[in-house]
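Start at 1 with the first residue, then count along the sequence.
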Amino acid sequence: MGIQENEVYTPQEAISLLKISDSTFRRLIRKGVLKAAKIGGQYRILGKHLLQLLNPTLPAKIINVYKKVLKELE
């Protein structure tokens, strides 16, 4: 299963694609690293936001927040 830029993903699909835990997923959203919309009380994520998270040319601000989240996990 690949990530399609214009596809909408559920949290479970995003967690599976990114191979992260539920708590990491929620932390990334809370820190603003991963953009998600809350619709009817449930998160939905655009594929392009998943791809941006995986892109090595992320803006420096996002990289710093991501490193901070990783440090908190240690």
Side-chain angles (χ1 to χ4, degrees):
M1 178 180 178
I3 300 172
Q4 302 299 317
E5 189 174 359
N6 293 322
E7 187 73 30
V8 176
Y9 295 93
T10 65
Q12 292 76 23
E13 291 169 331
I15 288 167
S16 174
L17 289 165
L18 296 173
K19 300 183 184 338
I20 58 176
S21 68
D22 182 69
S23 61
T24 299
F25 170 79
R26 296 190 184 284
R27 192 175 303 114
L28 290 173
I29 289 176
R30 191 173 51 246
K31 297 282 184 178
V33 175
L34 179 61
K35 294 180 182 179
K38 205 165 192 178
I39 301 170
Q42 298 179 345
Y43 286 113
R44 294 294 182 258
I45 306 96
L46 275 175
K48 72 177 184 180
H49 296 307
L50 295 175
L51 292 170
Q52 286 174 344
L53 186 64
L54 299 171
N55 188 339
T57 59
L58 289 172
K61 180 182 176 187
I62 292 176
I63 290 171
N64 290 337
V65 171
Y66 183 71
K67 286 180 180 176
K68 186 176 178 183
V69 169
L70 287 178
K71 197 171 200 174
E72 289 176 6
L73 293 174
E74 294 177 350

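With hydrophobic clusters built from ILVMFWY side chains whose heavy atoms lie under 4.5 angstrom apart, L34 shares a cluster with L54. Transitive grouping of hydrophobic side chains (ILVMFWY, heavy atoms separated by less than 4.5 Å) keeps I3 and V8 in distinct clusters. There is a path of hydrophobic side-chain contacts, each under 4.5 Å, that joins I29 to L73.
Two residues are said to be in side-chain contact when any heavy atoms from C-beta on lie closer than 4.5 Å; I45 and F25 meet this criterion. In this structure, the side chains of N6 and L46 stay at 4.5 Å or more apart for every pair of heavy atoms. At a threshold of 4.5 Å between non-hydrogen side-chain atoms, the residues R27 and S23 count as touching. Taking the side chain as every heavy atom from C-beta outward, E13 and E7 never approach each other to under 4.5 Å.
To the nearest 0.5 Å, the span separating CD1 on I20 from CG on L28 amounts to 5.0 Å. Note that CG of L51 and CD of Q4 are 8.5 Å apart. Values are rounded to the nearest 0.5 Å. In this structure, the separation between OG1 on T24 and CD1 on I15 is 9.0 Å, given to the nearest 0.5 Å. Rounded to the nearest 0.5 angstrom, H49 NE2 and E5 CD are separated by 10.0 Å.
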> side-chain contact (heavy atoms from CB on, under 4.5 Å) between Y43 and R26: does it pass, once the steps are laid out?
Replying inline: CA-CA 10 Å; Y43 286 113; R26 296 190 184 284; 3.5 Å; yes
